[in-house]
**Student:** 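The structure that follows is given in the form of structure tokens.
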Amino acid sequence: MNRTIAIIGNPNSGKTTLFNRLTGSNQHVGNWPGVTVDRKTGHICYQSHTIDVVDLPGIYSLSPFTQEEIIAREYVLSDAPDGILNIVDATNIERNLYLTMQLIALGLPMVIALNFIDDCRAQGIEINCEALSETLGVRVIPISARKGENMDKLLGIVTGGMQKPAHQPAYLHGVGAAIGKVARALEETQLRRENLPFYALKLLEGDSHVLQTVTLPPAAQKTVETTAAALSSHGCEDNEMILADALYDFIEETVGRAVKRPEKPVLTLTERLDRVIINKWLALPIFALLMVLMFWSTFGPIGSFFADLFETLIQGALIPAVQNALHAAGASDWIAGLVCDGVLGGVGGVISFLPQIIILFFFLSLLEDTGYLARIAFIMDTLLRRIGLSGKSFVPMLMGFGCTTPAVMAARTMENEKDRRMTIMLTPFMSCGAKLPVYALFAGAIFPQCASFIIISLYVLGILVGIFAGWLLKKTVFRGVSSGFVLELPPYRLPTARGTLQNMWEKAKDFITKAGTVIFVMSIVVWLLQNFTPTLQTAVDSSDSILGVFGRCIAPIFSPLGFGEWRASVSILTGIIAKEAVVSTMSVLYGVDLSALGGLLSTVFSPVAAYAFLVFILLYMPCTSAFATIKREMGGWKWAVGAAAFQTGLAWVVSCLVYQIGSLVFRIL
Ligand code: GDP
Ligand code: MG
């Protein structure tokens, strides 16, 4: 069996960058805490060694406060990897070493990768790795995961020989002695020997999780109690504080000896930029400006140019070519209809939006990698606090601009269980990438003059409804105090070309795959269902078809929203499978290609009805894959169905308000 090592470090310390370098994989790297929430595995193949590597979520300590901390610690204690690769952010060394100290107490073979050494150099910070290594009892290798500096050396140690810590740190104030004493008393238990200093530390701290899971023989129990009591008699604080203080004192002393910082710390670029970017007055205008720039590029002239080019390619070259080929092969009309109107119409309709998806994700990727997205969460926090919400919810919510599924998982970073559930319920209100083709289709067809503004307004509306729903939930289902905001602002960084291209490629790949699988199958099903009547005769008029009959049954639900048309109702239903399916279903049902579909829609939908339709698409329940994730993360059908009902109900209400008020205003004008 291969050996397994775990990469463990603080959030945003470069774990995933290092993981990708070591294993050659392409996991998502983002410049903000909380990007990796589930565990990823890869392999290192180096000089005839093969080693499994696990990328764990970022944690600040091994305390049982957040789900990630519990996951990470369960993993190291019960699976006992063959080694720990502890990655430390050298520009933030004090805070990072807090976790390192707890890892050392685990007693497993270990190496410390001191990352961001390139940034340290730029900031004039000098670190004496030998001295650090000496005091900690663990080898320290300075690296830059981003630039690939010192990778060979690290790989050599990881594959060749990681060693257990040479000694346990000498804590001051009798703390070291107390830990040692308890660890010795634990020798008679079943606990793994090398882990004993860790258990001793946690038992003295009074860590609830360890107290619950570990049963001690009476003698050991006695030692733990007397030692803990002796510790706390030193001061009036509780043991957790005393131990944390001892850890920090040790760290401060160690860092004081090994790290040399420049005399007069110059204001870093990040600090200078933040004076402007998160300035009380400028923050919101800058945010607005960036949003306009992003959407204008995506949907304005640049985006339209590429979109038109792409569409011409599909409609003008691909479809006729297939038609001719089918004709030449002597295919029946039936087959030709299925392939051209069903498959090519549906899949082609969705694929036409690929250029815009790619452009939008180029911008989102830049916003994320530079560290700006984390600032939006910060700016929002100051606003949200006033209505009793935690800005921390915003981190997963902003990830929802990409895709709801990983965003829902990212809510695991929240310590407060009520806040976590609430955030999961709000994330689907954010406009995910899959809703984009629907917006682009309608905005382009019905609001050609102000398409980008219509789309921006939907994004903003999603955020506002999210905030409103959060406020509502906080007043009812999730009453209670939110925990404080501890999102730490990452430094601004130049995005790497590789990272940006990779993000765009991943997104494009997802989009194409979905078009080729889910949308492909859905298009065929929709085409068949609209060509046959319930008695399985060929439908002459598609409104007599199976879908037509069914659509007309549910259409009245949407009449008050202005689109009680059966085709629109059916596409809302197929949109539950995947949001892009709204577009493919419409092009199959209306039986025209994309350019004609736009024209047709503007005759079916009034502008107000079209906007109400988009609002409904924005807010109603997320797609099945997101729904499944919500069910898993919330732990049950009851929650997931409740959330979906809440989202769909709210969508109906808001969309109805938009249509009714909008129509009224238009009538008056
Ligand atoms: P994780 O949250 O620990 O997985 O961290 P990531 O791997 O996602 O990296 C966080 C950010 O730090 C990204 O913007 C990386 O490009 C950047 N980064 C990672 N390693 C280095 C490094 O050695 N030097 C510099 N300058 N940036 C780095
Ligand atoms: Mg990561």
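Start at 1 and go down the list; that is how both ligands and their atoms are numbered. Side-chain atoms are counted along with the backbone in the values below, which use heavy atoms only and exclude waters and symmetry mates.
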**Student:** If the contact criterion is a heavy-atom separation under 4.0 Å, does G9 count as touching ligand 1?
**Tutor:** no
**Student:** Give the ring-plane orientation class for F478 versus W639, where under 30° counts as parallel, over 60° as perpendicular and anything between as tilted.
**Tutor:** parallel
**Student:** Cation-pi check for Y492 against R375: NZ or CZ below 6.0 Å from the six-membered ring centre and within 45 degrees of the axis, yes or no?
**Tutor:** yes
**Student:** Heavy atoms only: which of D119, T17, L56 lies closest to atom 9 (O) of ligand 1?
**Tutor:** T17
**Student:** What part of R146, side chain from CB on, backbone N/CA/C/O, both or neither, has a heavy atom under 4.0 Å from ligand 1?
**Tutor:** both
**Student:** CZ of R257: more than 12 outside heavy atoms within 6.0 angstrom?
**Tutor:** yes
**Student:** Just distances here: any N/O of A145 and N/O of ligand 1 closer than 3.5 Å?
**Tutor:** yes
**Student:** For Y459 together with F401, are the ring centres under 6.0 Å from each other?
**Tutor:** yes
**Student:** Assess the pair F363 and F295: is the distance between their ring centroids shorter than 6.0 Å?
**Tutor:** no
**Student:** For ligand 1 and G14, I'd like to know whether there is a polar contact (N/O to N/O, distance under 3.5 Å).
**Tutor:** yes
**Student:** Does the side chain of T50 pick up a donor-acceptor pair with the side chain of N2 at under 3.5 Å?
**Tutor:** no
**Student:** Suppose I only count heavy atoms of D118 and a 4.0 Å limit; which atoms of ligand 1 are within that range?
**Tutor:** 22 (C), 23 (O), 24 (N), 25 (C), 26 (N)
**Student:** Is it the case that ligand 1 has an N or O less than 3.5 angstrom from some N or O of K147?
**Tutor:** no
**Student:** Number the atoms of ligand 1 from 1 as they appear, then name those within less than 4.0 Å of a heavy atom of S144, with their elements.
**Tutor:** 22 (C), 23 (O), 24 (N)
**Student:** So is there a nitrogen or oxygen of N12 less than 3.5 Å from a nitrogen or oxygen in ligand 1?
**Tutor:** yes
**Student:** For the rings on Y98 and Y248, is their centre-to-centre separation under 6.0 Å?
**Tutor:** yes
